[in-house]
Amino acid sequence: MKYSAAPTRSPLQRLVEATVEGCTNCGKCVRDCAFLKKYGTPKSIAAGFDPTDRQSLHRPFECSLCGLCSAVCPEKLDLDGLFLEMRREAVDRDLGAYPEHKPLVAYEKVGTSRRFSLYRLPHGCKTVFFPGCSLPGTRPEAVHSLLALMQQADPSVGVVFDCCMKPSHSLGRELHASSMFEEMNDWLLKHGVQEVLVACPNCQVMFERYGHGLKVRTAWEALAESGVRPEPAQGTVTVHDPCVIRNAEPVHRAVRTLLKRQGLVVEEMRHCGKTTVCCGKGGAVNLLNPPLAAAWGELRKKEADGRRIITYCAGCVQALEEHTPANHLVDLLFAPQQTLAGKKKGAKAPITYLNRLRLKLSFKRKKGKAVLRERTYLPGHAVLPKKRFWRLPFTQVLIVAAAAGAIWFSV
Ligand code: SF4
Ligand code: SF4
Ligand code: SF4
């Protein structure tokens, strides 16, 4: 195939060629995807791709990277892989930095900072709970409850508060994501950790893609296997499987097992399991092109048809609840009556940051012998430079938010 200019990345070159040659323009992938409806079939996008053209390099940042297209493609083309590679090409050419993405990059940076991160490994720890960033912020009490259940089976289960680097991965910042992840992985291995229990599908994907030497399981599989009996509940719900783990069938099954064990009726939507759809947050499209992202939420609203959506990704809940009633699985497990009555909601920023700090401190101050660490690594730096507390931007936000809260409650 002839390009006006060839991509610099060889995986991208291969994917572009495979798509141009393999796509038959059948249109199956276009049916439910607003991005493809806007830009045409993958064949036409790949055939018109010019890595020297800004517009070509911008296009993949409007794709949610959800993988539905690859899941339905009869030719088994790797289409979300193609669009991710296009993003990486843009980053390699210094054309992948968008001001709209700054809040997400800052969010990730906070998660990996010395102030917010914490590793706590009790004596003999071989398994750690890695709750991710969103769950501790929106539902800190659930993190305590989940860890308590895990420690009933094994009191030496540790906990890690850190970011899995999925935002950088999705934004095409491959080197930054892999370097940060690698350092965390190596530290865990060096300290005898063999297994990671995750509660976020994005963390699961990152451990499976970038991790090595560690067994990865979800908290939901561990709970389902443990035979735990959550508080009984009555009602009908439907499940949104997070798009990034569309192929993780054992996880889909474990979640439904837990819900059914509670006594709930689970009805499936048209898109579930392998053919689940994006919630709207995928690939940070909600920041760059909100109407495209909202199209997914509207599709979910239509398919849920008034039934409460239960999902197991705190990010998905935030996106879906803007369109239709939605809750995290932990809401139902630990507060079923409140959840089914529509009264259980996750915290919102900036409270989420305060929750994360409080949660971290509660574990840092916990009694008992344990190995502790706060993250001080940045690629290219041996340790993070120390900054004065009051100069950090998030601290300033918290101070302003706390002051605003105090004013609000005093009037
Ligand atoms: S948004 Fe999802 S379905 Fe559409 S092209 Fe991107 S990965 Fe494929
Ligand atoms: S489903 Fe596959 S073959 Fe059909 S248009 Fe999409 S990429 Fe092409
Ligand atoms: S928040 Fe959930 S559904 Fe949305 S993109 Fe992320 S994993 Fe996929």
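Counting starts at 1 for both ligands and their atoms, in listed order. Below, each value reflects all heavy atoms present in this structure, side chains not excepted, and no hydrogens, waters or symmetry copies.
Per-residue contacts place Leu65 under 4.0 angstrom from the following atoms of ligand 1 (heavy atoms of the residue considered): 6 (Fe), 7 (S). If you number the atoms of ligand 1 from 1 as listed, the ones under 4.0 Å from a heavy atom of Gly67 come out as 2 (Fe), 7 (S). The Phe83 neighbourhood of ligand 1 comprises atoms 5 (S), with distances under 4.0 Å to a heavy atom of that residue. Atoms of ligand 1 found under 4.0 Å from any heavy atom of Leu36, numbered from 1 in the order shown, are 5 (S).
Scanning the protein heavy atoms around atom 1 (S) of ligand 1, the nearest turns out to be Ser64 N, 3.3 Å. In terms of protein heavy atoms, atom 5 (S) of ligand 2 is closest to Gly27 N, 3.3 Å. Among protein heavy atoms, atom 6 (Fe) of ligand 1 sits closest to Cys63 SG, 2.3 Å.
In this structure, His169 has its ring center closer than 6.0 angstrom to the ring center of Tyr210. Here the two rings, on Tyr98 and His101, have centers that are under 6.0 Å apart. Two rings, from Phe116 and Phe161, have their centers 6.0 Å or more apart. Aromatic ring centres of Phe363 and His144 lie closer together than 6.0 Å. Residues Phe83 and Phe61 place their aromatic rings such that the two centres sit no closer than 6.0 Å.
Heavy-atom separations between Cys278 and ligand 1 are all 4.0 Å or longer.
At a cut-off of 3.5 Å, with distance as the only test, no side-chain donor of Arg139 or His328 sits close to an acceptor on the other residue. Using a 3.5 Å distance cut-off with no hydrogens or angles, the side chains of Arg173 and Ser179 do not pair a donor with an acceptor.
Each protein N/O/S atom under 2.8 Å from atom 2 (Fe) of ligand 2 was counted, for a total of 1.
Panel note: side chain Arg246, backbone Thr276; a donor-acceptor pair is recorded below 3.5 Å. Judged purely by atom type and a 3.5 angstrom limit, Glu374 has no side-chain atom pairing as donor or acceptor with the backbone of Leu118.
Within the structure, salt bridge (Lys or Arg N to Asp or Glu O under 4.0 Å) contacts touching residues 176-202 (residues at least two apart or in different chains) are Glu183-Arg373, Glu183-Arg375, Glu195-Lys215, Glu195-Arg217.
Under 4.0 angstrom from ligand 1, the non-hydrogen atoms of Cys33 all belong to its side chain. Counting heavy atoms closer than 4.0 Å to ligand 1, residue Asp32 contributes nothing at all.
The nearest N, O or S atom of Cys66 is not closer to atom 6 (Fe) of ligand 1 than 2.8 Å.
Across all their heavy atoms, Met86 and Phe49 have their closest contact at CE-CD1, 3.7 Å.
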